[in-house]
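Have a look at the structure below, then the notes.
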There are 2 protein chains.
Amino acid sequence: MSKKRQDLINHAERLFYEYGFHSVGLKRVIDEANVALMTMYNHFNSKEELILAALKCREERYFSLLQEVVKQNQDSKTNALSLAEAHVDWIRTHKKGCMFLRAKEEYPSEESDINRYVIAHKKSLIAFLKKVNFNHQEAMRLALLLEGATSLSEVENVEEVSKELLCLVRHLF
Amino acid sequence: MSKKRQDLINHAERLFYEYGFHSVGLKRVIDEANVALMTMYNHFNSKEELILAALKCREERYFSLLQEVVKQNQDSKTNALSLAEAHVDWIRTHKKGCMFLRAKEEYPSEESDINRYVIAHKKSLIAFLKKVNFNHQEAMRLALLLEGATSLSEVENVEEVSKELLCLVRHLF
DNA sequence: GATAATATAATGACCATTCTATCTAAAGGT
DNA sequence: ACCTTTAGATAGAATGGTCATTATATTATC
């Protein structure tokens, strides 16, 4: 993969998450990535495609984080706790909510590729949880707790929120 | 209060929630509210002030909803369940996340009045819960569950999410 | 006659996207 | 080593649109 392309994706992911998708212009992205405008349009056909690439990149990183901590042949409680701890590690450095939901909110049209991608991403998360021993209700329950921790960390102390999340998972699984 | 002013606030709240703050221009708001541009600037000094007024209006409606269902001298479990049910009623018609967090995400500068208002709003929610018998940990816990239900309802069936929320509250309080 | 609301247009800034033309650098063949 | 081809990257400007905000001047309404 081209270095310029990866630079664009990395800076796009950072800037869009920090300031929002409509607030950040392409000029800002290419300036911080040290890439010419035409180079960007050489790699991506539009701003929306760049956003999609940034989301894809983020999705891989997040799912890798979760994948690493789940072990086969482990009871539900242990896996749930490991996943919650991994998620806590994630939100410690990502206190501005879920980038995927934010993308869906800024591109609410059901025709939008971005909107569709976000829905697929969340379905993937549920599917991943089901592949790791959880039944449907447990998967939804854990997803609800993780999303709640993500949102609450936007306004409350993230360490306190994390402790509460882990406490909840211990009680419930 | 002026009818035109209230029309502006109502349509602003609806449009900003549906499509996002930066995506919706003032032209769209005043057209749908049937108000002239200068009338809008007569009532509000800027777009950000209109947004603040819309958030204030929404906050009052949401807190009224919660206020109505909590009764004094009731045990924690009953109050927690009533609040969760009230919140479920809310998200049934508001499946695009928390408008306050979305505002904070689109106006991330800590100098922004909008950002400050959202933080104050969430502090108010916690404070409200504490005034209704909940200790600090219970308030944080309930807030986490409510935020989780709000987020998850953006991508999963809201009735299913609601059932799970109520189930969780029954287990935990 | 005062107050509120209107329509219209101007301002200046920013936006995504496209076009043009130049430049660099590596690759391949002789 | 030298030349040529090719692809990728560059700068800069143009297009056409939208945006928030301000100014001006006119119309209702009470």
Side-chain angles (χ1 to χ4, degrees), chain A residues 1-56 102-109 111-115 117, chain B residues 1-56 102-109 111-115 117:
Chain A
M1 165 130 24
S2 160
K3 166 167 164 33
K4 292 285 177 182
R5 184 189 165 89
Q6 197 56 55
D7 285 351
L8 281 166
I9 291 174
N10 291 341
H11 285 86
E13 185 190 338
R14 185 178 54 81
L15 287 169
F16 289 142
Y17 183 64
E18 180 124 24
Y19 301 107
F21 300 93
H22 285 91
S23 292
V24 173
L26 291 177
K27 178 156 184 7
R28 179 112 187 248
V29 178
I30 63 170
D31 282 355
E32 303 214 6
N34 263 89
V35 167
L37 179 62
M38 281 315 294
T39 304
M40 184 262 150
Y41 274 103
N42 212 16
H43 286 291
F44 308 97
N45 290 318
S46 64
K47 182 180 183 178
E48 299 210 0
E49 278 200 15
L50 175 60
I51 292 173
L52 279 169
L55 292 178
K56 205 182 191 81
R102 288 176 57 186
K104 183 170 148 64
E105 290 153 359
E106 286 206 43
Y107 295 87
S109 162
E111 317 300 317
S112 160
D113 287 340
I114 292 174
N115 194 299
Y117 186 86
Chain B
M1 166 132 21
S2 160
K3 167 167 165 30
K4 292 286 177 183
R5 182 189 165 90
Q6 196 57 55
D7 284 351
L8 281 167
I9 291 174
N10 291 342
H11 286 86
E13 186 190 338
R14 185 177 55 79
L15 288 168
F16 288 142
Y17 183 63
E18 181 123 23
Y19 302 107
F21 300 92
H22 285 91
S23 292
V24 173
L26 290 177
K27 180 159 183 4
R28 179 113 187 246
V29 178
I30 62 171
D31 281 356
E32 303 214 6
N34 263 92
V35 167
L37 179 62
M38 282 314 294
T39 303
M40 185 262 151
Y41 274 103
N42 211 15
H43 287 290
F44 308 97
N45 291 317
S46 64
K47 182 180 184 179
E48 299 210 359
E49 277 201 15
L50 175 60
I51 292 172
L52 279 169
L55 292 178
K56 203 183 191 80
R102 288 176 58 185
K104 184 172 147 61
E105 290 153 359
E106 287 206 41
Y107 295 87
S109 163
E111 316 299 318
S112 160
D113 287 341
I114 293 175
N115 194 299
Y117 186 86

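So that the names make sense, note that chain A is the first sequence line, chain B the second, and so on, each numbered from 1. Predicted model, so just to flag it, every value in this text is computed and none were measured.
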Does any part of the side chain of [Y], heavy atoms only, come nearer than 4.5 Å to the side chain of [X], both counted from C-beta?
X	Y	value
A:Glu48	A:Leu52	no
B:Phe21	A:His22	no
B:Met40	B:Val29	no
A:Ile9	A:Phe44	yes

Expressed as a whole number of angstroms, how long is the span from [X]:[atom1] to [N]:[atom2]?
X	N	atom1	atom2	answer
A:Ile30	D:dA11	CD1	C1'	10 Å
A:Lys3	C:dA25	NZ	P	15 Å
B:Asp31	C:dA7	CG	C1'	12 Å
B:His22	D:dA20	NE2	P	9 Å
B:Glu106	D:dA20	CD	C1'	16 Å
B:Asn42	C:dA2	CG	P	17 Å
A:Phe21	C:dC15	CZ	P	16 Å
A:Arg5	D:dA7	CZ	P	19 Å

Quick one: which protein N/O atoms are closer than 3.5 Å to N/O atoms of nucleotides 17-22 of chain C? Pair and distance per line, please.
from   : atom 1 : to      : atom 2 : distance (Å)
C:dT17 : OP2    : A:Tyr41 : OH     : 2.7
C:dT17 : OP2    : A:Lys47 : N      : 3.0
C:dT17 : O5'    : A:Tyr41 : OH     : 3.1

Give one of base, sugar-phosphate or nothing for A:His43, where a contact means two heavy atoms less than 4.0 Å apart.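 It contacts sugar-phosphate atoms only.
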Salt-bridged, A:Arg28 to A:Glu32, with N to O below 4.0 Å?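 Judged by the 4.0 Å cut-off on N to carboxylate O distance, A:Arg28 and A:Glu32 do form a salt bridge.
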Does [N] have OP1 or OP2 under 4.0 Å away from a side-chain N or O of [X]?
X	N	answer
A:Lys4	D:dT10	yes
B:Ser2	C:dT3	no
A:Thr39	D:dT10	yes
B:Lys27	D:dA20	no

Just verifying a value: how many Å separate A:His11 NE2 and A:Glu18 CD, rounded to the nearest 0.5 Å?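 It comes to 12.0 Å.
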Could you pull out all residues at least two apart from B:Asn34 that satisfy side chain to side chain donor-acceptor pair (under 3.5 Å)?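 Scan of B:Asn34 (side chain to side chain donor-acceptor pair (under 3.5 Å), adjacent residues dropped) gives none.
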